[in-house]
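Input: a single structure, listed below in structure tokens.
For the numbers below, each heavy atom of this structure counts, side chains included, while hydrogens, waters and symmetry mates do not. Just so you know, ligand 1 is whichever comes first in the structure, and atom 1 is the first atom listed for that ligand.
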Amino acid sequence: MANTLGYGGMTNHLGDIQNSKCVFIIGANPAVAHPVGMVHILRAKELGAKIISVDPHYSRTATKADLYARIRPGTDIAFMYGMIRYIIKNNLHDKEYIKNRVYGFEETIKEAEHYTPEVVEDITGVPAKLMIEITETMARAKPATLIYNQGLTQHSVGTGNTRQTAILQLLLGNLGKPGGGCNILRGHDNVQGASDMSNLAHSLPGYYGLSEGAWKYFCNNWKVDYKWMQSRFKTPEMLHKTGYSVATWRFGVLEEKNAKNNSGTMIRGMMNIGSGLSSISLTDVTKKAMEKLELCVIVDPYVNDMAAIADMKNDLFMLPAASQIETSGTVTATNRATQWRNQVIEPMYECKTDHEILFELAKRIGFYDEMVRAMGDGKGNFKWPEDATREYTQAIRSIGLQGVTPERLKAQSDNWHMFDTKTLRGKGPFKGEYFGLPWPCWSEKHTGTPILYNIDAPVMEGGMGFRTRWTPTAPNGESLLSEVALEGTKSGVKGHDHITAANIEALTGVKLTDKEKEIVKGKTWSTDTSNILVDKALAAGLCPFGNGKARTHVWEWIDQVPKHREPLHSPRPDLIAKYPTYKDKENHYRAFIQYESRQNEKVWAKEFPMQLLTGRLVSHLGTGTESRAAIYLAEIAPEPLLEIHPDKGLELGLRDGDMVWIYGTNGLRIKVKSKFSLRVGYDTASMPYTFSGVFQGESIVGRYPKGLEPYALGEGSNTIISYGFDIVTTTPETKCTLCRIEKA
Ligand SMILES: Nc1nc2c(c(=O)[nH]1)N[C@H]1C(S)=C(S)[C@@H](COP(=O)(O)OP(=O)(O)OC[C@H]3O[C@@H](n4cnc5c(=O)[nH]c(N)nc54)[C@H](O)[C@@H]3O)O[C@H]1N2
Ligand SMILES: Nc1nc2c(c(=O)[nH]1)N[C@H]1C(S)=C(S)[C@@H](COP(=O)(O)OP(=O)(O)OC[C@H]3O[C@@H](n4cnc5c(=O)[nH]c(N)nc54)[C@H](O)[C@@H]3O)O[C@H]1N2
Ligand SMILES: [Mo]
């Protein structure tokens, strides 16, 4: 899911949570989704930390919390503004930290002024007294950590939510501190690696963006001609345009009006590698789009559920992919740490690894030579995956991967026992290294960075300020450079801009030789592949990307500070006028995406009075394609259950366990078994999203190839999840769905 804007993952790491005095969990359920990570949270609790859970669902995590607030879905920005306002009014903020390291707080304070405890209670449904108790507990604990996940991101305001968490932690001076930070517990195995490598539609690898400079930099690394690269696209401008996302491609198949964003063409073919497809909201739209395609190729070790749902004729090909135990290479964890994974068995039967399939595809299309040119001898003789690892780590300097070599990773992964699980510090031969060399790892001598933005550590041990990624000065003339130096800085420099060939001598006080000058001419720390600029900066105790202030006011964005906006399908129509959603977006990942036109289409809550939550089960993963095919896991959770409050259930004429129809705002319905539960509020129901095999009440199990039917079958919630997408990333607004429930 493309919800990463530059830095994703954890600022700190799981073991470090044990240093926390308060663990504030908002929109995450680690007891279910990160059971191993949860152990660290429980250890922190044993050591005296207070646990807080803010969640519309009384989750398994919430059962371990000292304080639990049942929040209305989609109102977290308002809730955190309530906290921010209270913190300011009661002088609980870290003034010194803000003065030294943060830009734009006045704007935050101005916006927060509106969110009195009463206003917050009205919007969020959380009693004012409880919000205040939570804020007091969080603000007085030093340090406090903040954990979030999909409860915050799958919203039209998802990006605003995630910004708001960082703003709250900046206000309390908790970012860049052991036991503090914003810790996003990420999803799949290697999802951090996938976003660093940029399986994303809006950037080249390493968050370099799509500018001409970025393309030229990568073409240089890949040893291909920039003009040749341009020639691969319909027009040269298309190099710089954000592509379709996993959520929007369907509109590129179905809606003619989007062709103008896509060089005048409609999408006619699709190759899907490792996405469940039914994981995206509006399953019927995906189905229609697939049925219209002229060619559809699915690369998957299992029968992808969408292949069974869509009614395709002779135009669907399923290529059996090898699983991850049949291949080797790097995987990057939620804390930016990379591990080397060894192949356990050879690919079985006729399946092939993903990279083999991609190489074969490149050969058929005719760019295999260019694809492998930067590996090994450049003539097609290379060692997989070591040379591929070298290629990407040496190119991705923006997040400091250049110190992450296959040799270091292999040695570490073979010697896990030589690392401390709480601090990640190595022992014996690994003294001076953190496990997984969490990025940035600026050189082969660098330790890796266990905690981002920590100015109390020297740069060679992972110290850094905030990035100066934008400009050194704000439009109002205020400096965006930090007012405090990084520990161990030699030249007396406090805040400074990112390191370039032009400023290196002035900032470090070191003279470059003529030869060095020639090599780094026109380069910056992130484009100088000789690492001269980075090495000189490190030697002077400076962080290559600068030492800036965190920016809470983003002057070029629609929401310059986060704003509460009612979900597209709001259960509180009375609040829409006051907190309306965004204007419709003409070209959002190449598709026309509705916001206000959808919100105002009708009073949705009249016809669809219930909110539907969807989330995870311990025994199934994602769409459940893999886990529902495992007989023992299927036995634990054989079908989806809809949790519904007993009062609501009785009002609807249900008895516990009755089958119900759930009607969605898209005109579709699904049939599931009810389960009376006090985990949900009176107006909210909850179900897992991890099922397939039943579509709108009908079994589709006969559509799977014989012998390959999943054991656990049931309706997928995304058939009826409401329309809606994040304003920046197009992540579906699955966490704010309205529905109507009736006895079946
Ligand atoms: N067993 C298992 N583990 C998994 C996965 C799996 O499928 N199965 N999937 C992995 C993946 S890909 C991911 S991304 C992670 C996801 O991990 P999580 O995000 O922790 O899991 P979710 O169940 O999606 O949602 C978390 C919580 O957010 C709450 N929530 C919903 N809406 C809101 C809201 O508006 N505000 C607030 N404050 N809370 C809200 C839900 O009630 C739920 O308790 O899990 C990973 N781990
Ligand atoms: N309603 C609702 N919808 C959601 C969510 C929610 O909370 N609520 N959560 C969202 C989130 S956070 C996520 S991450 C998505 C998850 O959605 P997906 O990523 O679509 O879910 P998975 O089931 O993990 O699908 C992965 C697919 O890859 C295949 N696969 C596994 N290993 C390999 C491999 O090595 N190679 C290849 N080629 N294929 C492989 C699997 O068999 C499966 O078909 O769902 C999203 N959708
Ligand atoms: Mo995810």
Only heavy atoms of [X], strictly under 4.0 Å: list the atoms of ligand 1 that pass.
X	result
Ile26	38 (N)
His34	15 (C), 17 (O), 45 (O)
Gly74	34 (C), 35 (O)
Leu617	1 (N), 2 (C), 8 (N)
Val618	1 (N)
His188	12 (S)
Pro73	34 (C), 35 (O)

Q: Answer whether the closest heavy-atom distance between the side chains of Ile41 and Lys64 falls below 4.5 Å.
A: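 Sidechains of Lys64 and Ile41: no contact.
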Q: Grab the two heavy atoms, one from Ser198 and one from Ser203, that are nearest each other, plus how far apart they are.
A: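 Where Ser198 meets Ser203 most closely, the heavy atoms are OG-O, 2.8 Å.
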Q. Would you say ligand 1 has an N or O under 3.5 Å from any N or O of Leu613?
A.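 Min N/O separation from ligand 1 is not below 3.5 Å for Leu613.
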Q.
Pairs of nitrogen or oxygen atoms closer than 3.5 Å, one from Ser59 and one from ligand 1: do any exist?
A.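 No - when backbone and side-chain N and O of Ser59 are compared with those of ligand 1, no distance drops under 3.5 Å.
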Q: Check ligand 2 against Ile273 and write out every atom of the ligand that is under 4.0 Å from a heavy-atom position of the residue.
A: 38 (N)
Q. Just which atoms of ligand 2 are under 4.0 Å from any heavy atom in Gly276?
A.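 Answer, ordered by atom number: 18 (P), 20 (O), 25 (O), 26 (C), 27 (C).
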Region of [X] engaging ligand 1 - heavy atom pairs below 4.0 Å:
X	value
His155	side chain
Thr75	neither
Arg72	neither

(Q) Can you check which of Asp305, Ile325, Ile720, Asp300 brings a heavy atom nearest to atom 43 (C) of ligand 2? (A)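 It is Asp300 that holds the nearest heavy atom.
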Q) Between the candidates Leu621, Thr124, Asp55, Thr614, which shows the shortest non-hydrogen contact distance to atom 27 (C) of ligand 1? A)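 It is Asp55 that holds the nearest heavy atom.
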Q: For the pair Phe691 and His620, name the ring-plane relationship: parallel under 30°, tilted 30 to 60°, perpendicular over 60°.
A: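 Phe691 vs His620 ring planes: perpendicular.
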Q: Indicate yes or no: does Arg336 engage Asp196 in a salt bridge with an N to O separation below 4.0 Å.
A: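 Salt bridge flag = no for Asp196 with Arg336.
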(Q) Using the rule given for ring-ring contact (aromatic ring centres under 6.0 Å, His included), can you reason through Tyr68 versus Tyr58, listing the C-alpha separation, both sets of side-chain angles and the distance that settles it, and then say yes or no? (A) CA-CA 8 Å; Tyr68 165 69; Tyr58 187 65; 5.0 Å; yes
